[in-house]
Amino acid sequence: MGRLSRRTGEWPGRVGGGAVMLDVQDTIGGPGDEGEGAAAIAEDAAAALRFHVAAPSVSAVRKALFRAPGGARVLGRHDRETIACTHTMDERSFARHWPILLSRLEKVGLRVVPRPPSG
C-alpha cells in the first residue's frame, strides 16, 4: 500500500479522485437493520456463542475477523457455502461488538447467515 499524498490528499495510483466502487452484498443483521431475520440471527448467535458466515474461503473470514473484538474466531467450514465461527462475548459485550463484527464482514463482501441445516 502506498502513502497518502500530502499535496493532493489522494492515494497514489488511484484514478478518479481515489474513490473505489465495491459490489457489497446485503448484510443480514447489518448496523441499523431492524429486520426479523437479522434479529433472529443475532439472538441465535448470542445464545449459542456461534455464528455462520457465507464466504468462498475460510481465509477470507479469518482476515476479516483478525483482531476483532469479542473473541471472534473461525472454527472452520460448516458446509461448502458457510464458515462456522465462535465468539466469547457475554450479553452486554455482544450488544456493543456485534455491529463491529458485521461491519468488518460487510467491508469485504461477506455476510452472516442463519445456521444451515445439518445433513
Side-chain angles (χ1 to χ4, degrees):
M1 247 186 155
R3 292 183 179 248
L4 185 63
S5 170
R6 289 182 188 204
R7 200 168 36 137
T8 63
E10 297 177 357
W11 292 99
R14 293 275 172 102
V15 178
V20 178
M21 295 291 292
L22 296 176
D23 183 20
V24 179
Q25 300 174 0
D26 289 338
T27 302
I28 295 177
D33 184 11
E34 309 304 331
E36 291 177 21
I41 292 172
E43 200 172 289
D44 184 47
L49 300 179
R50 287 191 179 191
F51 59 98
H52 294 80
V53 178
S57 69
V58 173
S59 64
V61 181
R62 282 190 206 279
K63 288 178 184 178
L65 296 179
F66 180 68
R67 294 180 57 127
R73 299 286 179 260
V74 175
L75 294 176
R77 284 207 173 270
H78 179 77
D79 58 19
R80 289 182 65 94
E81 292 85 27
T82 57
I83 311 298
C85 302
T86 186
H87 65 82
T88 59
M89 296 177 272
D90 60 5
E91 187 176 326
R92 180 175 172 265
S93 296
F94 187 84
R96 285 190 349 243
H97 297 312
W98 184 246
I100 296 168
L101 293 178
L102 294 178
S103 173
R104 285 181 177 219
L105 293 169
E106 183 180 334
K107 286 178 184 177
V108 295
L110 305 176
R111 60 190 174 96
V112 176
V113 296
R115 185 180 189 275
S118 298

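Both backbone and side-chain heavy atoms feed into the values below; hydrogens, waters and symmetry mates do not.
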query = So Arg77 and Ile83, side-chain contact (heavy atoms from CB on, under 4.5 Å) or not? Walk me through it.
reply = CA-CA 4 Å; Arg77 284 207 173 270; Ile83 311 298; 3.5 Å; yes

Rounded distance (nearest 0.5 Å) linking atom [atom1] of [X] with atom [atom2] of [Y]:
X      : Y      : atom1 : atom2 : value
Leu102 : His97  : CG    : NE2   : 13.0 Å
Cys85  : His78  : SG    : NE2   : 12.0 Å
Trp98  : Glu43  : CH2   : CD    : 12.0 Å
Lys63  : Leu110 : NZ    : CG    : 11.5 Å
Leu65  : Arg73  : CG    : CZ    : 9.0 Å

### Query
Side-chain contact, heavy-atom cut-off 4.5 Å: Glu81 with Pro116?
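Glu81 vs Pro116: side chains apart.
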
Test side-chain hydrogen bond (donor to acceptor under 3.5 Å, both in side chains) applied to [X] - qualifying residues, sequence neighbours left out:
X      : value
Asp44  : none
Thr88  : none
Arg115 : Ser118
Ser93  : Asp90

Original post:
Are Phe51 and Leu75 in one and the same hydrophobic cluster, where Ile, Leu, Val, Met, Phe, Trp and Tyr link if side-chain heavy atoms are under 4.5 Å apart?
Top reply: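 Cluster IDs for Phe51 and Leu75 differ.
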
- With Leu49, which residues qualify under side-chain contact (heavy atoms from CB on, under 4.5 Å), at least two apart?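 Scan of Leu49 (side-chain contact (heavy atoms from CB on, under 4.5 Å), adjacent residues dropped) gives His87.
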
Practice prompt. Could you pull out all residues at least two apart from Ala95 that satisfy side-chain contact (heavy atoms from CB on, under 4.5 Å)?
Written response: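 Scan of Ala95 (side-chain contact (heavy atoms from CB on, under 4.5 Å), adjacent residues dropped) gives none.
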
Derivation of the side-chain contact (heavy atoms from CB on, under 4.5 Å) call for Val58 and Val61:
CA-CA 5 Å; Val58 173; Val61 181; 5.9 Å; no

Report the residue from Met89, Arg96, Arg104 that forms a side-chain contact (heavy atoms from CB on, under 4.5 Å) with Pro69.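 When Met89, Arg96, Arg104 are each tested with Pro69, the side-chain contact (heavy atoms from CB on, under 4.5 Å) holds only for Arg104.
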
